[in-house]
Amino acid sequence: MTPLLHQIADLSIPKLASQFGTPLYVYDAKVIVERIGHLASFDVTRYAQKACSNIAILDLARRNNVVVDAVSAGEIHRALAAGYKPGFDDPPQIVYTADIFDRETLDMVVDLDIPVNCGSPDMISQYGERAPGKTITLRINPGFGHGHSQKTNTGGEQSKHGIWHQQIEECIERTAEHKVTIAGLHMHIGSGTDMEHLSQVSAAMERAALAVGSSITSISAGGGLPTPYRDGDDLVDIAAYFEQWDATRGRLAQQFGHHVSLEIEPGRYLAAESGYLIAEVRAVKQMGGNVYYLLDAGFNNLARPIMYGSYHPMSVCPANGDTERPDRQVVVGGPLCESGDIFTQEDGGFVSSRSLPDAKIGDFVVIGCAGAYGYTMSSNYNSKPLCAEVLIQDGQAQLIRERQSLEDLTRLERIP
Ligand code: LLP
């Protein structure tokens with residue numbers, strides 16, 4: 001029998017649901033802090049906040065000596081709201097990484113003095129014209145990549161990301177022309193990749209750093225560390241990964257005659273397992289041979305299954321406190337007016353089923369490993385208000401984002 005789930009971080013799920021409503025994202029701060037600790041051997045952990053960017057989560061990261069990556073003006077705004085400071089500290093607390101500057105963001109990084117990690121030669125020129133004399137870092141596409149889905153593979157020529165590894169010389173010329181200095185290199189080959197692919201990156205980094213030379217004072221291994229979504233998936237061997245990068249950094253430091261700082265830029269690794277999406281079962285229907293549990297959460301709340309066919313663990317929490325329920329084979333879906341609104345689906349949209357405990361209307365389905373790319377990819381599709389977020393810290397559940405109201409949905413709209 002599949003175990004039932006009654007609590008998250010020792011707090012009752014039905015109580016959380018009645019206090020804050022459903023659908024509801026709940027994060028366990030302890031998991032994030034533990035994960036930050038796993039990466040302590042790296043000189044700098046830079047959180048890729050796109051995974052989960054609530055300012056309370058950023059504040060938690062900041063209080064645990066984690067600096068932050070920002071990929072938009074909005075993410076810079078969030079970092080500042082969470083107490084990160086702009087400027088060229090060592091390490092900088094906020095770095096803007098992207099393949100373009102939109103006009104608003106270029107103004108923002110120049111006016112606020114936010115360091116930039118350039119993912120295209122054009123970014124070098126556009127920034128250099130506005131901020132001559134500054135240091136920059138370059139995001140290099142090493143010519144290969146890998147992700148849990150082709151949509152999250154960020155290396156190779158099928159990817160739009162980074163500066164092509166054979167264009168480093170051209171970029172050095174651009175920096176000289178615009179009087180900026182390349183102080184660091186960064187490589188991120190994909191998200192949810194595996195150690196086999198990740199372990200190829202350090203050699204590519206070494207070649208690229210040697211091509212730039214001794215202006216390099218930091219290298220970033222990027223993000224992409226996988227996390228276990230399925231029973232039996234293991235956590236990656238961080239010690240072995242660090243050793244490999246440390247050796248690369250050591251050789252570069254020796255060559256350059258100065259210290260080279262080693263950064264890592266995880267998103268999922270810090271946030272995924274801390275987060276749960278609690279949804280209420282609102283209908284149980286038999287459709288031919290399939291039984292459907294229909295929840296009050298849909299792909300407006302968690303888009304990873306419809307986007308990538310991603311697997312998320314699921315548990316049932318009985319509202320009446322039952323401790324045993326027989327299993328049944330079910331399809332789990334949401335409320336949206338679209339057939340793809342199914343949490344148990346495979347890549348390509350094929351509906352699959354899963355063995356879960358028997359659930360009745362009013363019970364809860366809890367979707368696990370939802371902390372990364374869960375809330376941040378949610379939407380107002382079907383005019384569904386964005387749901388609330390709660391952080392559990394020191395045994396207390398605190399609201400870190402209110403549920404949107406119906407008025408919020410139309411607040412910015414006008415009938416001319
Ligand atoms: N650094 C850069 C430059 C990135 O583009 C990303 C992710 C990360 C770090 C963090 O990657 P992570 O450690 O989380 O794997 N929505 C997709 C993931 C897209 C990630 C895009 N970039 C998903 O739900 O799996």
Side-chain angles (χ1 to χ4, degrees), residues 25 32 35-36 38-39 42 44-53 57 61 66-72 75 94-100 115-120 123 137-142 145-156 159-163 184-195 197-198 201 205 219-230 233 235-236 238 241 263-275 277 299 301-312 343 345 347 367-379:
Y25 269 96
I32 299 176
R35 288 306 180 76
I36 291 171
H38 291 181
L39 302 175
F42 289 83
V44 177
T45 299
R46 184 173 299 285
Y47 176 46
Q49 64 168 294
K50 59 182 80 90
C52 185
S53 58
I57 303 290
V66 168
V67 292
V68 76
D69 167 59
V71 299
S72 64
E75 286 194 353
I94 308 170
V95 169
Y96 173 71
T97 293
D99 301 293
I100 66 148
V116 299
N117 182 25
C118 300
S120 60
M123 282 181 75
T137 59
L138 303 186
R139 175 180 180 173
I140 305 295
N141 179 329
H146 183 255
H148 66 77
S149 152
Q150 194 44 37
K151 293 171 190 154
T152 67
N153 177 343
T154 59
S159 163
K160 64 178 176 161
H161 292 294
I163 289 171
L185 293 184
H186 166 280
M187 282 182 187
H188 171 82
I189 61 157
S191 199
T193 177
D194 55 31
M195 293 322 273
H197 290 88
L198 278 176
V201 181
M205 174 64 85
I219 53 173
S220 170
L225 290 175
T227 51
Y229 283 93
R230 290 174 191 265
D233 286 357
L235 265 182
V236 288
I238 296 289
Y241 186 57
E263 282 199 18
I264 188 156
E265 195 176 67
R268 184 187 319 269
Y269 188 79
L270 300 189
E273 281 152 282
S274 77
L277 174 60
F299 75 72
N301 301 109
L302 178 66
R304 301 191 72 253
I306 193 172
M307 283 275 291
Y308 318 110
S310 298
Y311 177 95
H312 281 264
F343 290 117
Q345 66 177 288
D347 204 8
I367 305 182
C369 291
Y373 309 106
Y375 201 98
T376 51
M377 289 174 67
S378 58
S379 75

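Note that ligands are numbered from 1 as they come in the structure, with each ligand's atoms numbered from 1 the same way. The first residue of the sequence shown is numbered 1, and numbering continues consecutively from there. Since the structure is predicted, the reported quantities are computational estimates derived from the model, not experimental observations. Atoms considered below: every heavy atom in the structure, side chains included; atoms not considered: hydrogens, waters and symmetry mates.
Close N/O approach between Met377 and ligand 1 is not found [any backbone or side-chain N/O within under 3.5 Å]. Note: an N/O pair closer than 3.5 Å links Ser191 and ligand 1 by distance alone. Backbone and side-chain nitrogen or oxygen atoms of Tyr373 are examined, and one is located within less than 3.5 angstrom of a nitrogen or oxygen of ligand 1. Note: an N/O pair closer than 3.5 Å links Gly267 and ligand 1 by distance alone. Backbone and side-chain nitrogen or oxygen atoms of Arg304 are examined, and one is located within less than 3.5 angstrom of a nitrogen or oxygen of ligand 1. The distance criterion of under 3.5 Å between nitrogen or oxygen atoms is not met by Asp69 with respect to ligand 1. On a distance-only criterion, Tyr269 and ligand 1 share no N/O pair closer than 3.5 Å.
Side-chain atoms of Asn153 do not come within 3.5 Å of backbone N or O of Gly190 as any donor-acceptor pair. A donor-acceptor pair under 3.5 Å links the side-chain atoms of Thr376 to the main chain of Ala51, judged by distance alone. Under the 3.5 Å distance criterion, the side-chain polar atoms of Glu265 are left unmatched by any main-chain donor or acceptor of Ser220. Judged by distance alone, with hydrogens and angles left aside, the side-chain atoms of Arg46 form a donor-acceptor pair with the main-chain N or O of Val68 at under 3.5 Å. The backbone N or O of Tyr269 sits less than 3.5 Å from a side-chain atom of Arg35, completing a donor-acceptor pair.
Residue Lys151 places its NZ atom among more than 12 non-hydrogen atoms of other residues, nucleotides or ligands, all under 6.0 Å distant.
Closest to atom 8 (C) of ligand 1 among all protein heavy atoms lies His188 CE1, 3.3 Å. Looking only at heavy atoms of the protein, atom 13 (O) of ligand 1 is closest to Gly224 N, 2.8 Å. Remark: minimum distance from atom 5 (O) of ligand 1 to any protein heavy atom is reached at Lys50 NZ, 3.3 Å. The protein non-hydrogen atom at the shortest distance from atom 1 (N) of ligand 1 is Glu265 OE1, 2.6 Å. For atom 17 (C) of ligand 1, the nearest non-hydrogen atom of the protein is Tyr308 OH, 3.0 Å.
Under a 4.0 Å criterion applied to the non-hydrogen atoms of Arg268, ligand 1 contributes the atoms 12 (P), 13 (O), 14 (O), 15 (O), 18 (C), 23 (C), 25 (O). Ligand-side atoms of ligand 1 in range of His148: 23 (C), 25 (O), range being under 4.0 angstrom from any heavy atom. Close approach of ligand 1 to Pro266 (heavy-atom distance below 4.0 Å) involves ligand atoms 13 (O). Near Ala48, meaning under 4.0 Å from any of its heavy atoms, are these atoms of ligand 1: 8 (C), 9 (C), 10 (C). With ligand atoms numbered from 1 in the order given, ligand 1 contributes 3 (C) to contacts under 4.0 Å with heavy atoms of His186. Taking every non-hydrogen atom of Arg139 and a distance limit under 4.0 Å, the qualifying atoms of ligand 1 come out as 3 (C).
When all heavy atoms are compared, the tightest approach of Phe343 to Pro305 is O-CB, 3.7 Å.
Annotation: ring pair (Phe, Tyr, Trp, His ring centres under 6.0 Å) contacts of Tyr375 (sequence neighbours excluded): Tyr25. A search for side-chain hydrogen bond (donor to acceptor under 3.5 Å, both in side chains) contacts involving His161 returns Asp99, not counting sequence neighbours.
When side chains are defined from C-beta on, Thr45 does not count as touching Ile36, because their heavy atoms never get closer than 4.5 Å. His188 is not listed as a side-chain neighbour of Thr97, based on a closest heavy-atom distance of 4.5 Å or more. Proximity of His148 to Arg268: side-chain heavy atoms (C-beta onward) are separated by under 4.5 Å at one or more points.
Heavy atoms of Ala51 come nearer than 4.0 angstrom to ligand 1 in no pair at all.
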